[in-house]
2 protein chains.
Amino acid sequence: MANIQEVARKAGVSSATVSRVLNNTAPVSLTTRLKVEKAIKELNYEPSMLGRNLRNSESRLLLVLIPTFSNPYYIEIINGIEDYSLSNNYNILLCETDSNPERENIFFNMVKNKLADGIISMDPTVNMKKLYELAERHSIVLLSEYDEGGSIPYVTIDHEQAAYKAVNHLIKLGHNKIGFINSDEKFLYARKRREGYERALKESNIPVENEWIYHTEGVDFQDGAQAMRYFFKIKNTPTAVFAVSDTLAIGALKEINNKQLKVPEDIAVIGFDNISFSNMTNPTLSTVAQPMYEMGKKAASMLINRIKGNDVESVLMDYELIIRESTMR
Amino acid sequence: MANIQEVARKAGVSSATVSRVLNNTAPVSLTTRLKVEKAIKELNYEPSMLGRNLRNSESRLLLVLIPTFSNPYYIEIINGIEDYSLSNNYNILLCETDSNPERENIFFNMVKNKLADGIISMDPTVNMKKLYELAERHSIVLLSEYDEGGSIPYVTIDHEQAAYKAVNHLIKLGHNKIGFINSDEKFLYARKRREGYERALKESNIPVENEWIYHTEGVDFQDGAQAMRYFFKIKNTPTAVFAVSDTLAIGALKEINNKQLKVPEDIAVIGFDNISFSNMTNPTLSTVAQPMYEMGKKAASMLINRIKGNDVESVLMDYELIIRESTMR
DNA sequence: GTGAAAGCGCTAACAA
DNA sequence: TTGTTAGCGCTTTCAC
């Protein structure tokens with residue numbers, strides 16, 4: 001592959017001029033521009049990003065941290081991030097941390113040693129201390145999971161209120177025995193959604209029963225099924241279930257099916273995330289939809305702004321309750 | 001962030017020595033090594049990949065081309081690719097082409113201008129002509145989709161035989177009206193699987209009816225549902241359906257449910273891919289499982305070998321028929 | 001075992 | 001409008 005010098009020689013100009021043609025960074029006379037473009041074409045020249053990046057000390061690569069590829073929740077967000085990034089000449093590197101600190105370190109180091117320009121973290125298990133250290137000298141944006149009152153900008157929804165609305169919807173349907181399948185409360189979103197769950201109950205004078213709150217290990221289908229098995233085991237099985245993710249809700253649905261019970265007649269179920277599967281289950285799943293794609297775009301734009309040195313503000317996005325068969329009367 | 005010169009100065013050595021300590025590329029006396037390591041720690045030094053990559057003219061970045069994030073089929077493969085790559089100090093860049101030639105170009109250019117060292121393409125819509133051009137000077141491996149008799153190495157399964165087995169399974173269950181939900185036959189895998197479908201029928205003296213072969217536009221749930229609606233519309237609705245992907249099969253399942261028909265009693269269904277959701281449907285879905293994770297690892301190892309300049313050979317992997325409720329008697 | 005120096009490919013400051 | 005030159009941070013000869 002030819003380099004800029006060879007192009008310059010072939011065109012009979014200096015490499016600086018070739019660079020100027022390439023980047024439109026200073027006026028070049030039409031004749032020389034044509035000569036240069038001809039040489040570029042003839043040599044099949046493509047500028048090396050390696051040289052350019054070293055010189056500009058940027059990589060135009062953004063890291064997107066997610067705990068696992070297997071949660072479909074992230075897909076649309078990633079699409080949003082990618083679309084915005086690509087159209088701003090940034091590429092994104094999808095980083096699966098597996099909630100593994102070692103992996104996390106690999107990715108943090110990529111930023112430190114200039115292989116990436118910034119990070120969008122969607123990983124609720126991320127090491128916040130290290131992230132703050134990194135944030136001192138590098139650009140970081142939090143997506144979905146965030147740190148209240150912290151200095152790292154984030155984009156998220158009002159998890160407390162969204163959970164409140166979901167549970168309230170179940171209450172209005174006449175339920176007062178409402179199970180809550182939550183994930184580990186070390187995650188902020190889990191704590192927030194629990195608050196929303198409790199507020200809805202209290203406002204309707206329904207006592208909050210600890211045995212109706214189940215904490216899962218992960219957010220796989222299996223975890224949801226296991227939670228449901230637990231609810232079946234206790235004496236007072238709920239007549240409605242709110243799960244903090246669609247994957248959990250779908251697992252619960254499956255388990256209810258296995259028991260030959262009917263949704264929503266015997267047990268109503270509502271999830272969270274509006275993943276594409278949620279419309280394919282039988283019955284279809286009610287859920288809370290976040291504006292995934294928009295959140296992704298927003299986060300990307302915030303990050304790129306940060307990289308450019310601008311100040312950015314955190315944002316709270318809207319969400320929507322989606323009623324489907326699993327909570328119809 | 002400190003650079004190698006500052007470390008050298010602080011340690012009282014030359015930058016060459018620091019580099020030698022960093023890369024273990026030549027013997028360094030213990031005392032100087034300790035001095036250097038001390039300086040590195042004190043300055044919190046991390047070598048810049050930008051400089052290193054330019055010097056070594058490599059990026060240690062691999063591109064993984066997939067048509068869309070939203071097909072869960074790719075997840076485990078990507079995990080395999082990523083695990084192998086990371087443990088060999090390569091990072092992977094997941095590239096969603098959206099079957100869009102422009103996007104494809106962006107990614108091809110990354111390889112041309114040294115921003116990436118090679119490509120694993122899982123995109124059946126990829127522009128083969130351009131890919132071959134690229135393959136002349138760069139390392140490429142095809143995964144799942146491949147080019148028979150071409151010069152680009154690939155890893156795949158025997159699609160013809162896998163389809164044959166799936167259909168044969170339906171025949172053994174007593175079906176002789178077997179619908180086939182195929183994707184566009186511009187894809188090699190689709191043509192191969194059709195061959196398998198036809199071979200199974202012919203071997204059992206079941207005539208191949210064109211009206212029982214439906215070609216979808218995409219491989220989303222909706223496409224499967226649409227295919228099933230078509231089968232319901234024709235006079236002679238099949239009693240069993242083989243879909244070339246689980247997503248299609250799940251869409252079909254949903255549509256059968258909507259018709260108040262029972263799977264497998266009224267219509268048996270078998271898919272392809274063994275995505276995680278296939279075990280959560282009601283009934284659970286029979287399918288063909290490819291060794292996704294292993295295929296990913298294998299492809300990554302082949303690509304990295306190629307980059308190193310070694311010759312690599314294409315491989316055919318095993319697959320497995322997974323019988324679940326949707327095809328039980 | 002270690003250092004000096006060149007150079008990977010590019011861009012930007014300065015000079016002309 | 002264009003060329004000269006320095007230098008981004010690193011590794012690797014080649015001397016010593």
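Lettering follows sequence order; numbering is per chain, from 1. When reading the values below, keep in mind they use all heavy atoms of this one structure, side chains included, and skip hydrogens, waters and symmetry mates.
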Taking only side-chain N and O atoms of Arg52(B), does any of them lie within less than 4.0 angstrom of OP1 or OP2 on dT11(D)? yes

Do any side-chain nitrogens or oxygens of Arg55(B) fall under 4.0 Å of OP1 or OP2 in dG9(D)? no

From the candidates dG3(C), dA12(C), dT2(D), the one with an atom nearest any side-chain atom of Val28(A) is dT2(D)

If we ignore hydrogens and angles and just use 3.5 Å, is the side chain of Arg60(A) paired with the main-chain N or O of Asn88(A) as donor and acceptor? yes

Under 4.0 Å between a Lys/Arg side-chain N and an Asp/Glu carboxylate O for Glu42(A) and Lys38(A)? yes

Need to verify one output field. Residue with the more 5' nearest nucleotide on DNA chain C, Thr32(B) or Ser48(A)? Thr32(B)

Using atom CG of Leu50(A) as one end and atom P of dT11(D) as the other, report the distance to the nearest whole Å. 13 Å

Minimum-distance nucleotide (side-chain atoms of Ser29(B) versus dA12(C), dT11(D), dT2(C)): dT2(C)

Mind checking if Ser57(A) touches a base, just sugar-phosphate, or nothing, with heavy atoms under 4.0 Å? nothing

Gap between atoms CD and P, on Glu58(A) and dC8(D) respectively (whole Å): 17 Å

Rounded to the Å, how far apart are Arg60(B) CZ and dC10(D) P? 17 Å

Nearest-angstrom distance from the residue atom CG of Asn3(A) to P of dT11(C): 12 Å

Does Asp117(A) pair with Lys308(A) as a salt bridge, N-O distance under 4.0 Å? no

Students often get this wrong, so: under 4.0 angstrom with heavy atoms, is Asn23(B) touching a base, only sugar-phosphate, or nothing? sugar-phosphate

Students often get this wrong, so: under 4.0 angstrom with heavy atoms, is Leu54(B) touching a base, only sugar-phosphate, or nothing? base

Which nucleotide in the set dG1(C), dC10(C), dC10(D) lies at the smallest distance from any side-chain heavy atom of Pro27(B)? dG1(C)

What is the separation between atom CD1 on Ile4(B) and atom C1' on dT2(C), rounded to the nearest whole Å? 14 Å

If you only use heavy atoms from C-beta on, which nucleotide in dC10(C), dT11(D), dG3(D) is closest to the side chain of Val13(A)? dG3(D)

Would you say dG9(D) has OP1 or OP2 under 4.0 Å from some side-chain N or O of Ser15(B)? no

Nearest-Å distance, CG (Asn56(A)) to P (dG7(D))? 17 Å

With a cut-off of 6.0 Å (strictly less than), are more than 12 heavy atoms of other residues, nucleotides or ligands near NZ of Lys35(A)? yes

Can you see if the side chain of Thr17(B) gets near the phosphate of dG3(C) - specifically, an N or O under 4.0 Å from OP1 or OP2? yes

For Lys129(B), is there an ion pair with Glu133(B) - N to carboxylate O distance below 4.0 angstrom? yes

Can you say whether a donor on the side chain of Arg20(B) sits under 3.5 Å from an acceptor on the base of dG3(C), or the other way round? yes

